[in-house]
Amino acid sequence: MSGVIVTNPPKAELKDVDALAQYGVATVSEAMGRTGLLGPAVRPVQQGVRVAGTAVTVLSWPGDNLMIHAAVEQCGEGDILVVTTTSPCTDGLFGELFATALKQRGVRGVVTSTGIRDTQELRDMGFAAWSRAVSSQGTVKATGGSVNVPIAIDGQVIRPGDVILADDDGVVVVPRERARETALRSEAREAKEAATRAAFIEGQLGLDRYGLRDTLTRLGVEYRSYEEYAGETS
(Lines give C-alpha, C1' and ligand atoms only; values in the text may rest on other atoms or scores of the structure.)
Protein backbone atom coordinates (compact mmCIF):
# COMPACT_ATOMS: atom_id res chain seq x y z
CA MET A 1 0.00 0.00 0.00
CA SER A 2 1.55 3.29 -1.12
CA GLY A 3 0.29 6.61 0.15
CA VAL A 4 0.60 10.35 0.39
CA ILE A 5 1.07 12.94 3.15
CA VAL A 6 -0.73 16.15 2.24
CA THR A 7 0.59 19.28 3.94
CA ASN A 8 -1.30 22.47 4.83
CA PRO A 9 -4.82 21.53 3.71
CA PRO A 10 -7.59 24.16 4.04
CA LYS A 11 -9.30 24.23 7.44
CA ALA A 12 -12.42 25.64 9.01
CA GLU A 13 -11.73 28.88 10.88
CA LEU A 14 -10.95 28.29 14.54
CA LYS A 15 -13.52 30.88 15.68
CA ASP A 16 -16.25 28.86 13.95
CA VAL A 17 -14.90 25.63 15.45
CA ASP A 18 -15.01 27.15 18.91
CA ALA A 19 -18.54 28.44 18.27
CA LEU A 20 -19.67 24.90 17.42
CA ALA A 21 -18.05 23.62 20.62
CA GLN A 22 -20.79 25.39 22.58
CA TYR A 23 -23.39 22.93 21.32
CA GLY A 24 -23.89 19.21 21.70
CA VAL A 25 -23.42 16.65 18.97
CA ALA A 26 -27.17 16.03 18.76
CA THR A 27 -27.93 19.74 18.36
CA VAL A 28 -25.35 20.21 15.61
CA SER A 29 -26.49 17.14 13.70
CA GLU A 30 -30.10 18.31 13.89
CA ALA A 31 -29.02 21.77 12.71
CA MET A 32 -27.51 20.12 9.60
CA GLY A 33 -30.71 18.21 8.85
CA ARG A 34 -29.86 15.13 10.89
CA THR A 35 -26.64 14.46 9.00
CA GLY A 36 -22.96 14.05 9.82
CA LEU A 37 -23.15 11.51 12.63
CA LEU A 38 -20.64 8.71 12.98
CA GLY A 39 -22.20 5.44 14.08
CA PRO A 40 -23.02 4.66 17.72
CA ALA A 41 -20.13 2.19 17.99
CA VAL A 42 -17.61 5.06 18.18
CA ARG A 43 -17.73 5.85 21.90
CA PRO A 44 -15.81 8.06 24.35
CA VAL A 45 -13.30 6.58 26.78
CA GLN A 46 -14.18 9.37 29.24
CA GLN A 47 -17.40 11.09 30.33
CA GLY A 48 -18.43 14.71 30.61
CA VAL A 49 -16.09 15.98 27.89
CA ARG A 50 -16.92 17.87 24.70
CA VAL A 51 -14.31 18.91 22.15
CA ALA A 52 -14.34 20.43 18.69
CA GLY A 53 -11.42 20.73 16.32
CA THR A 54 -10.29 20.56 12.72
CA ALA A 55 -9.64 17.09 11.32
CA VAL A 56 -6.21 15.74 10.53
CA THR A 57 -7.09 12.49 8.80
CA VAL A 58 -5.15 9.22 8.76
CA LEU A 59 -5.68 6.15 6.58
CA SER A 60 -3.65 3.23 7.93
CA TRP A 61 -3.21 -0.46 7.30
CA PRO A 62 -4.93 -2.69 9.92
CA GLY A 63 -2.67 -3.42 12.86
CA ASP A 64 -0.16 -0.78 11.77
CA ASN A 65 0.24 2.71 13.29
CA LEU A 66 3.10 4.00 11.14
CA MET A 67 0.92 6.70 9.59
CA ILE A 68 -0.17 8.01 12.98
CA HIS A 69 3.50 8.76 13.64
CA ALA A 70 3.60 10.57 10.31
CA ALA A 71 0.41 12.47 11.12
CA VAL A 72 1.73 13.89 14.39
CA GLU A 73 4.04 16.16 12.40
CA GLN A 74 1.03 17.54 10.49
CA CYS A 75 -1.00 18.31 13.63
CA GLY A 76 -1.23 21.68 15.31
CA GLU A 77 -3.26 23.92 17.59
CA GLY A 78 -6.98 23.19 17.47
CA ASP A 79 -6.77 19.94 15.52
CA ILE A 80 -8.39 16.57 16.20
CA LEU A 81 -6.69 13.43 14.87
CA VAL A 82 -9.11 11.16 12.98
CA VAL A 83 -7.91 7.63 12.19
CA THR A 84 -9.33 4.77 10.18
CA THR A 85 -7.95 1.69 8.42
CA THR A 86 -8.36 0.13 5.00
CA SER A 87 -10.35 -2.74 6.53
CA PRO A 88 -11.90 -3.23 9.98
CA CYS A 89 -9.41 -3.24 12.86
CA THR A 90 -9.85 -3.10 16.64
CA ASP A 91 -6.16 -3.30 17.60
CA GLY A 92 -4.87 -0.63 19.96
CA LEU A 93 -3.36 1.71 17.37
CA PHE A 94 -3.38 4.71 19.72
CA GLY A 95 -2.22 5.17 23.30
CA GLU A 96 -0.70 7.46 25.90
CA LEU A 97 2.58 8.15 24.10
CA PHE A 98 0.80 9.42 21.00
CA ALA A 99 -1.46 11.53 23.21
CA THR A 100 1.56 13.05 24.95
CA ALA A 101 3.08 14.12 21.64
CA LEU A 102 -0.22 15.47 20.31
CA LYS A 103 -1.15 17.36 23.46
CA GLN A 104 2.18 19.16 23.31
CA ARG A 105 1.21 20.36 19.82
CA GLY A 106 -2.20 21.68 20.91
CA VAL A 107 -4.28 18.80 19.55
CA ARG A 108 -7.66 18.53 21.26
CA GLY A 109 -8.38 14.82 20.94
CA VAL A 110 -8.54 11.72 18.79
CA VAL A 111 -11.37 9.91 17.02
CA THR A 112 -10.68 6.47 15.59
CA SER A 113 -12.60 3.60 14.05
CA THR A 114 -9.96 1.28 15.55
CA GLY A 115 -8.97 0.44 19.12
CA ILE A 116 -7.38 2.58 21.82
CA ARG A 117 -5.32 1.51 24.81
CA ASP A 118 -3.91 3.25 27.92
CA THR A 119 -7.38 4.62 28.56
CA GLN A 120 -6.77 5.39 32.23
CA GLU A 121 -3.64 7.32 31.34
CA LEU A 122 -5.58 9.25 28.68
CA ARG A 123 -8.21 10.20 31.24
CA ASP A 124 -5.58 11.17 33.80
CA MET A 125 -3.82 13.47 31.34
CA GLY A 126 -7.08 14.97 30.08
CA PHE A 127 -6.67 13.87 26.47
CA ALA A 128 -10.10 13.23 24.95
CA ALA A 129 -10.57 10.06 22.89
CA TRP A 130 -13.36 8.30 21.01
CA SER A 131 -12.91 4.82 19.54
CA ARG A 132 -14.72 1.74 18.32
CA ALA A 133 -12.86 -0.52 20.76
CA VAL A 134 -10.55 -0.61 23.73
CA SER A 135 -7.75 -3.10 23.12
CA SER A 136 -4.28 -3.77 24.50
CA GLN A 137 -3.29 -5.47 21.26
CA GLY A 138 -0.09 -3.89 19.94
CA THR A 139 0.73 -2.90 16.39
CA VAL A 140 3.61 -2.75 13.89
CA LYS A 141 5.05 0.14 11.87
CA ALA A 142 5.60 -1.40 8.48
CA THR A 143 3.06 -0.30 5.87
CA GLY A 144 2.52 2.95 4.01
CA GLY A 145 -0.71 4.89 4.19
CA SER A 146 -1.98 8.44 3.86
CA VAL A 147 -2.39 11.59 5.93
CA ASN A 148 -4.78 14.48 5.20
CA VAL A 149 -6.81 12.72 2.53
CA PRO A 150 -10.58 12.16 2.58
CA ILE A 151 -11.52 9.11 4.66
CA ALA A 152 -14.82 7.46 5.55
CA ILE A 153 -16.05 6.22 8.93
CA ASP A 154 -19.52 4.68 9.20
CA GLY A 155 -20.47 6.12 5.83
CA GLN A 156 -19.45 9.67 6.73
CA VAL A 157 -16.78 11.25 4.55
CA ILE A 158 -14.30 13.26 6.61
CA ARG A 159 -11.92 15.61 4.82
CA PRO A 160 -8.88 17.27 6.33
CA GLY A 161 -9.94 20.58 7.86
CA ASP A 162 -13.56 19.56 8.44
CA VAL A 163 -14.88 20.21 11.93
CA ILE A 164 -15.10 17.25 14.30
CA LEU A 165 -17.37 17.69 17.32
CA ALA A 166 -17.47 14.92 19.92
CA ASP A 167 -19.14 14.46 23.30
CA ASP A 168 -20.80 11.78 25.43
CA ASP A 169 -23.43 11.20 22.70
CA GLY A 170 -20.95 10.46 19.92
CA VAL A 171 -19.21 12.23 17.04
CA VAL A 172 -20.43 14.49 14.23
CA VAL A 173 -18.51 15.90 11.25
CA VAL A 174 -19.30 19.36 9.89
CA PRO A 175 -17.96 20.17 6.40
CA ARG A 176 -15.48 23.00 6.70
CA GLU A 177 -17.47 25.21 4.30
CA ARG A 178 -20.56 24.87 6.51
CA ALA A 179 -18.94 25.55 9.88
CA ARG A 180 -20.17 29.14 10.30
CA GLU A 181 -23.65 28.42 8.94
CA THR A 182 -24.01 25.38 11.18
CA ALA A 183 -22.91 27.34 14.25
CA LEU A 184 -25.63 29.92 13.57
CA ARG A 185 -28.25 27.23 12.98
CA SER A 186 -27.19 25.48 16.17
CA GLU A 187 -27.56 28.73 18.11
CA ALA A 188 -31.09 29.16 16.78
CA ARG A 189 -31.98 25.58 17.60
CA GLU A 190 -30.60 25.95 21.14
CA ALA A 191 -32.75 29.06 21.67
CA LYS A 192 -35.83 27.21 20.44
CA GLU A 193 -35.12 24.29 22.77
CA ALA A 194 -34.64 26.67 25.69
CA ALA A 195 -38.11 28.12 25.07
CA THR A 196 -39.58 24.62 24.87
CA ARG A 197 -37.81 23.58 28.07
CA ALA A 198 -39.29 26.58 29.88
CA ALA A 199 -42.74 25.69 28.58
CA PHE A 200 -42.39 22.09 29.79
CA ILE A 201 -41.29 23.33 33.22
CA GLU A 202 -44.53 25.35 33.33
CA GLY A 203 -46.50 22.19 32.56
CA GLN A 204 -47.21 22.49 28.85
CA LEU A 205 -47.40 19.17 27.01
CA GLY A 206 -45.48 18.31 23.88
CA LEU A 207 -48.80 17.21 22.35
CA ASP A 208 -49.99 20.81 22.50
CA ARG A 209 -46.74 22.68 21.89
CA TYR A 210 -45.96 20.68 18.76
CA GLY A 211 -49.57 20.45 17.56
CA LEU A 212 -49.51 16.67 17.76
CA ARG A 213 -53.13 16.14 18.72
CA ASP A 214 -54.13 16.74 15.09
CA THR A 215 -51.46 14.26 14.04
CA LEU A 216 -52.93 11.60 16.31
CA THR A 217 -56.39 12.26 14.88
CA ARG A 218 -55.11 12.09 11.32
CA LEU A 219 -53.45 8.75 12.07
CA GLY A 220 -56.69 7.38 13.50
CA VAL A 221 -55.49 7.17 17.09
CA GLU A 222 -58.49 7.41 19.43
CA TYR A 223 -58.95 8.04 23.15
CA ARG A 224 -60.95 5.45 25.10
CA SER A 225 -61.72 5.24 28.80
CA TYR A 226 -60.53 2.12 30.55
CA GLU A 227 -64.11 0.88 30.82
CA GLU A 228 -64.71 1.36 27.10
CA TYR A 229 -61.41 -0.29 26.17
CA ALA A 230 -61.97 -3.24 28.52
CA GLY A 231 -65.45 -3.73 27.13
CA GLU A 232 -64.18 -3.72 23.54
CA THR A 233 -61.40 -6.25 24.22
CA SER A 234 -63.30 -8.66 26.52
Side-chain angles (χ1 to χ4, degrees), residues 1-7 9-12 25 28-29 35-46 51-76 78-99 101-102 105 107-119 122 127-167 169-176:
M1 176 180 173
S2 61
V4 62
I5 298 172
V6 179
T7 62
K11 296 182 179 182
V25 164
V28 170
S29 175
T35 62
L37 289 173
L38 273 58
V42 178
R43 302 297 305 146
V45 302
Q46 67 284 310
V51 297
T54 44
V56 172
T57 61
V58 180
L59 180 63
S60 290
W61 195 260
D64 192 312
N65 66 5
L66 172 63
M67 299 314 296
I68 299 180
H69 285 278
V72 171
E73 183 181 24
Q74 304 306 315
C75 290
D79 286 334
I80 290 181
L81 187 70
V82 186
V83 181
T84 194
T85 47
T86 56
S87 61
C89 171
T90 57
D91 295 344
L93 266 66
F94 187 96
E96 178 262 337
L97 291 178
F98 274 137
L102 290 171
R105 301 177 77 86
V107 175
R108 297 176 175 180
V110 63
V111 173
T112 177
S113 66
T114 69
I116 281 180
R117 62 184 186 177
D118 306 328
T119 57
L122 295 180
F127 191 85
W130 285 256
S131 69
R132 177 159 284 132
V134 173
S135 173
S136 296
Q137 178 62 52
T139 57
V140 299
K141 301 164 182 61
T143 313
S146 294
V147 176
N148 279 334
V149 298
I151 61 174
I153 298 177
D154 296 336
Q156 294 295 335
V157 175
I158 302 168
R159 301 167 305 161
D162 285 347
V163 182
I164 300 295
L165 175 68
D167 62 17
D169 291 338
V171 181
V172 64
V173 55
V174 180
R176 58 182 180 253

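Below, each value reflects all heavy atoms present in this structure, side chains not excepted, and no hydrogens, waters or symmetry copies.
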Is there a side-chain contact (heavy atoms from CB on, under 4.5 Å) between K141 and N65? Walk through the geometry before answering. CA-CA 6 Å; K141 301 164 182 61; N65 66 5; 3.1 Å; yes
Assess the residue pair S131 and V45 against the criterion (side-chain contact (heavy atoms from CB on, under 4.5 Å)); give the C-alpha distance rounded to whole Å, side-chain angles, the decisive distance to 0.1 Å, and a yes or no. CA-CA 7 Å; S131 69; V45 302; 4.2 Å; yes
Give the C-alpha distance, both sets of side-chain angles, the deciding distance and a yes or no for side-chain contact (heavy atoms from CB on, under 4.5 Å) between L37 and T35. CA-CA 6 Å; L37 289 173; T35 62; over 6 Å; no
Go through it in stages, so that I can follow the logic: the residues are L81 and L102, the test is side-chain contact (heavy atoms from CB on, under 4.5 Å), and I'd like the CA-CA distance, side-chain angles, deciding distance and then a yes or no. CA-CA 9 Å; L81 187 70; L102 290 171; 3.9 Å; yes
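Expressed to the nearest 0.5 Å, how far SG of C89 lies from CH2 of W61 amounts to 11.5 Å. To the nearest 0.5 Å, atom CG of residue L165 and atom OG of residue S29 are 10.0 Å apart. Atom CD of residue Q74 and atom CE of residue M67 lie 9.5 Å apart, to the nearest 0.5 angstrom. For the atom pair F94 CZ and T112 OG1, the distance stands at 9.0 Å (nearest 0.5 Å). Atoms CG and NE2, from L97 and H69 in turn, are 8.5 Å apart once rounded to the nearest 0.5 Å. Distance check, rounded to the nearest 0.5 Å: NZ of K11 to CZ of R176 gives 11.0 Å.
Salt bridge absent: R117 and D91 never bring a charged side-chain N and a carboxylate O closer than 4.0 Å. Salt-bridge formation is detected for the pair R132/D154: a Lys NZ or Arg NE/NH1/NH2 atom is positioned less than 4.0 Å from an Asp or Glu carboxylate oxygen.
Taking both residues in full, the closest heavy atoms of A166 and V171 are given as CB-CG2, 3.9 Å, listed atom of the first, atom of the second, then distance. Annotation for I68 and V58: closest pair N-CG1, 4.1 Å, computed over non-hydrogen atoms. Nearest heavy atoms, D162 versus V157: OD2-O, 4.3 Å. When all heavy atoms are compared, the tightest approach of P160 to P150 is CD-N, 4.1 Å. Summarising the geometry of F98 relative to L93, their closest heavy-atom pair is CE1-O, 3.3 Å, with the distance given to 0.1 Å. Residue G53 comes nearest to I80 through the heavy atom pair N-CD1, 3.4 Å, listed as atom of the first residue, atom of the second, then distance.
Side-chain contact between V83 and V111 is absent, with no heavy-atom pair separated by less than 4.5 Å.
Remark: side-chain polar atoms of R105 are paired, donor with acceptor, to backbone N or O of C75 under 3.5 angstrom. Remark: side-chain polar atoms of W130 are not paired, donor with acceptor, to backbone N or O of Q46 under 3.5 angstrom. Panel note: side chain S146, backbone V4; a donor-acceptor pair is recorded below 3.5 Å. Looking at D118, its side chain does come within 3.5 Å of a backbone N or O of E96 through a donor-acceptor pair.
Judged by distance alone, the side chains of D64 and T139 never bring a donor and an acceptor atom under 3.5 Å apart.
Test V56, V6, T57, V72 against V147 for side-chain contact (heavy atoms from CB on, under 4.5 Å) and you get one pass: V56. Partner V82 forms a side-chain contact (heavy atoms from CB on, under 4.5 Å) with one of I158, L59, V173, T54 and no other, that one being I158.
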